[in-house]
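Report on the following structure.
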Amino acid sequence: MNDTFTRGISRILLILFFMLAGFESFAQYTKSSLETGGYYSAMAKDNSGNLYVVRYNSTSTNYEVAKYTNGTGTPQVIYSSLITGSDIYSWGLAVNDIGDVFVTNPDQGTGWTIIKLTAPTYAASVIHTGNYYSALAVDNSNNLLSMEYNSGTNTYQLVRYPFGAEQLGGTVVWNGFAYPPTSPVATYPSNIAVDSHDNIYLTDFHENSGGRIVKLTAPGFAATQLAACRSFSSLAVDGSDNFYTSEANPSDVDKYEIVKYTDLTQTGQVLYTDLHQTTGTFFPWGIAAMPNGNIFANDGENGGEIVKLAPPTINVSSVVRAAASPTNAASVTYTVTFSGSAANVTTSAFTLATTGVTGASIASVTGSGTTYTVTVNTGSGSGTIGLNVNGTGISPTVANVPYTGAVYTIDRTTPTGSIVINSGATITNNVNVTLTLTGNDANPPLQMAFSIDGGAYTAFEAFATTKVLTLPSTEGLRTVDMQLKDAAGNISVYSDDITLDLTPPNTSFIGVPPSVTNSSNAGFTFTSTEVGSTYQGSLDGGPFVSVTSPSMLTGLSDGTHTYAVRAIDPAGNVDASPATYTWMIDQTGPQITSVSVPANGYYRAG
């Protein structure tokens, strides 16, 4: 299967195709070189961002597998004994999730082989021989996929080998690409790519319709042709299911270009136009879309080069709260601003940093261009929620991620406090009462509002420790409710009550001294119309002093005396018309001022 390619018919097909189809304008990727001066035939990457390349070693005259950690620096050679024949190369290279590397070796003596390099030491073992293996990949379950020749049907078929036991017999997934009837040929089905939905994409011989891309749709893997007549030499897919190809440059028959597709049936976006292909036997084989958005591609001619394309980038300018904090809301919103227009901004581009709360989640992302609104469900409990940008899926790549955004304080705890009317009094005769207040909360400042007897609350005002409130003038039990509201909007209610009594008591005597007496002491008993009243007494117009019933006056002088008693009820109302009583004390006996006798003479009784 060592053949030579003649390009004339394919070139004509390409020119006709590109006269009828166009590409989008170049994307602003920045090109640099990872390595130059070699020959490169295959490329793969792992999920950690390491790059693997099959390259020619001019000293040993063999091809080798080189690993570039994080896609930079001097590589580690992990295998160095790949054979090359005339125009036959190691096109197949794949890496699974545990770091095992698989590479094809075009050893004509054995009908080509698949070599497994087992991580972490990369110990080499031949796991398959004899089927002219032209492409390798791993699927989302880490099964090994191989394009290999079926001599019985004269086709190249896709075979799947089980993860961890790749040396066992495989299962034919699809059969397949017909081996071109014209001979010799110089290209093979050298690319396999798998998207996130387990669909498989394959490139065909250039001799078949100028090179095709065929999709095998999971789970049944029915085949559909997506593109043709573009001499595809490389194919890769990124984590967002964007596709990258190396394909013939319509403007220069000696050049290839790198094109990005969101849909392989539609027009692509040209990223780079200066890959080379002049001999018709050595093509730009190998392309890799890295997790960080960089694109690597092999250019095997014109001195040889590993091309690195760094995508255009934007930055997160800000992530700010769109509402007040603290809050007790069930959801909150953030405004996210980018330095340039961003696309594919979804919930996956963000992560939450929480403390205290449980069940918080990113609900939705809306917006376009440079500004987006992110809505977050706040879950349950109290704590904090911060929105960070991880940039997943955003196009162009966000350079300054992870980006730490603003934080909401979630407060669902109501304030604590108390209200006391008139220092704890139970009754008053004054409609103006003084409230003594306390309030505490983790998120001040507090506000307060008041309601009397279940009526409407006053407007909220700044919390204070005292407040004078005017009660309605209707007598009876008055209840004052206080609402305490914290900065998050949590409200608690505290109450106290007091009886308003505006009616003074009536006082009456129930026991008094005789109206005329010879006693210098006088005892009085009296009562009030209101229970719990206290009393004041005044003798002969003197000052009122506190008295109790019964009350005894002693040492009074002879003469007329007047005693007034007034009741004071528990509310402090004073009887304005005291009970009064007047009596006389007479302690002086009668005096004989003259004695009259009959005239002298005899008198006979009887």
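All values derive from a computational prediction rather than experimental measurement.
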Looking only at the side chains, is there a donor atom on one of R321 and T327 sitting less than 3.5 Å from an acceptor on the other?
no
Side-chain donor-acceptor contact under 3.5 Å, D486 with N443
no
Looking only at atom types and distance, does a side-chain atom of N175 sit under 3.5 Å from a main-chain N or O of V159, one as donor and one as acceptor?
no
Please check if any side-chain donor atom of N242 sits under 3.5 Å from a side-chain acceptor atom of T262, or the reverse.
no
When you compare the side chains of D100 and T118, does any donor N or O come within less than 3.5 Å of an acceptor on the partner?
no
N191 and T203: side-chain donor and acceptor closer than 3.5 Å?
yes
With a 3.5 Å distance limit and no angle check, can you tell me whether T355 reaches the backbone of G383 through a side-chain donor-acceptor pair?
no
Below 4.5 Å, heavy atoms only, C-beta onward: do Y52 and V103 meet side chain to side chain?
no
Closest non-hydrogen atom pair between S190 and A135, with its separation:
C-CB, 3.4 Å
Hey, are the side chains of D411 and N328 touching, using non-hydrogen atoms and a 4.5 Å cut-off?
no
Assess, by modelled atom type and distance only, whether the side chains of S395 and N344 contain a donor and an acceptor separated by less than 3.5 Å.
no
For T434, is there any backbone N or O sitting under 3.5 Å from a side-chain donor or acceptor partner on N422?
yes
Can you tell me how the ring of Y256 sits relative to the ring of H206, calling it parallel under 30°, perpendicular over 60° and tilted otherwise?
parallel
Centre of F460's six-membered ring, under 6.0 Å away, within 45 degrees of the axis: is that where NZ or CZ of K485 sits?
yes
Taking N50 for the side chain and N70 for the main chain, is one N or O donor matched with an acceptor at less than 3.5 Å?
yes
Would E35 and Y68 count as having a side-chain donor-acceptor pair, cut-off 3.5 Å?
yes
Does any part of the side chain of N377, heavy atoms only, come nearer than 4.5 Å to the side chain of S331, both counted from C-beta?
yes
